[in-house]
Structures are given as C-alpha cells and as structure tokens.
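Contents: one structure, followed by commentary.
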Amino acid sequence: MTVEASFVVPWVVFIIVWIMYLGYFEYDRCLLFQDDYSLATQTASRIATTSDKQGWLDAHAAGQMGGKYMGTPGPSTTGTVSGGKVNVKSGLKVSHPLSFHAGMIPVSNWNVSDEVNADDFSYTRRMRLFRAGMRIIGGE
C-alpha cells in the first residue's frame, strides 16, 4: 500500500461504519413510532370501556416495546385514555460514546420522542362509510 492509501482507507472505513450507525439510530426512531402507533390502535380498537383500555394499555406497553432497540435499554412509555381517544407518548435515549468522550455530538441530538393519538373508530369502518357515501353520490 502507498502512504496515501494508509490515510484514505481508515477514513473510508470510518465513514462506512458511521453510516451504518446512523442507520441503526434511524431504525430505532422508526421502530418507536411503529410500536407507539400499534399500541395506541390496539388499545383503541380492542376494548370497550375506558378503564379497561387504560389497564390494557399499561399492562401491554412493556411487551409491545420489548428489547428490540439497539444502543439503548429501551423506551419509556406512558399512555392516557380519555373517552374513545388513546394517547401514547414514548421517549428513547440512545447513548453514543462520541457525545460523552470527545464532545463531538450534542447529547440532545440522540434523544427521540414520539406521541401518537388514536380513537376507537375502526379504519375499515371508515373506508366502508366512505365507499357507501361515494356510491350514494354516484362517484363509484
């Protein structure tokens, strides 16, 4: 190898690893939103009474989130139920070694939070209602 390659190759490897690491971070963000949305819609659609929904939400939040998040012990999740509306909030703190040791990346950039709202009106019922309305208007 030449001297130039000995300078270029480590940087190329560093950039490839950094892109993979950012991909895992983005994976955690997408997974957090998916889990919040799934928990909110399941809670809103499965149970009839508000108190039962709150109990079901609290009991199943940890099971829904699981241990599938990379670089973090897992999200902190809270949920509230009021009437037919379900609100799920989650926060996730991904610890990154460069933010602590080198000070290169602010710690706040690695905190992810998400909030999802759902109601108990089924999406299939909404689509059927919309299609029936289109038939009445003559659009279909």
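Values reported hereafter were calculated over all heavy atoms of this structure, with side chains retained and with hydrogens, waters and symmetry mates removed.
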With rounding to the nearest 0.5 Å, note down the distance linking [atom1] in [X] to [atom2] in [Y].
X	Y	atom1	atom2	value
Lys68	Asp28	NZ	CG	11.0 Å
Trp56	Lys53	CH2	NZ	11.0 Å
Ser113	Lys89	OG	NZ	9.5 Å
His60	Met65	NE2	CE	13.0 Å
Asn87	Asn117	CG	CG	4.5 Å
Thr43	Asp52	OG1	CG	11.5 Å

Taking 4.0 angstrom as the limit, do Asp114 and Arg29 come out as a salt bridge?
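Not counted as a salt bridge, because no side-chain N and carboxylate O are separated by less than 4.0 Å.
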Determine the minimum heavy-atom distance between [X] and [Y], stating which atoms define it.
X	Y	result
Asp58	Gly79	OD1-O, 4.4 Å
Val88	Ala40	CG2-CB, 3.8 Å
Pro75	Leu92	N-CD1, 3.7 Å

Return yes if a side-chain donor-acceptor contact under 3.5 Å exists between Ser38 and Gln42, otherwise no.
yes
Does the side chain of Tyr69 pick up a donor-acceptor pair with the side chain of Asp35 at under 3.5 Å?
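Asp35 and Tyr69 do have a side-chain donor-acceptor pair below 3.5 Å.
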hydrophobic_cluster_shared for Tyr24 and Ile16, side chain cutoff 4.5 Å:
no
Classify the angle between the aromatic ring planes of Phe33 and Tyr37 as parallel (below 30°), tilted (30 to 60°) or perpendicular (above 60°).
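Rings of Phe33 and Tyr37: parallel, under 30°.
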Salt bridge (charged side-chain N to carboxylate O under 4.0 Å, His left out) involving Glu115 - partner list, sequence neighbours excluded:
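Scan of Glu115 (salt bridge (charged side-chain N to carboxylate O under 4.0 Å, His left out), adjacent residues dropped) gives none.
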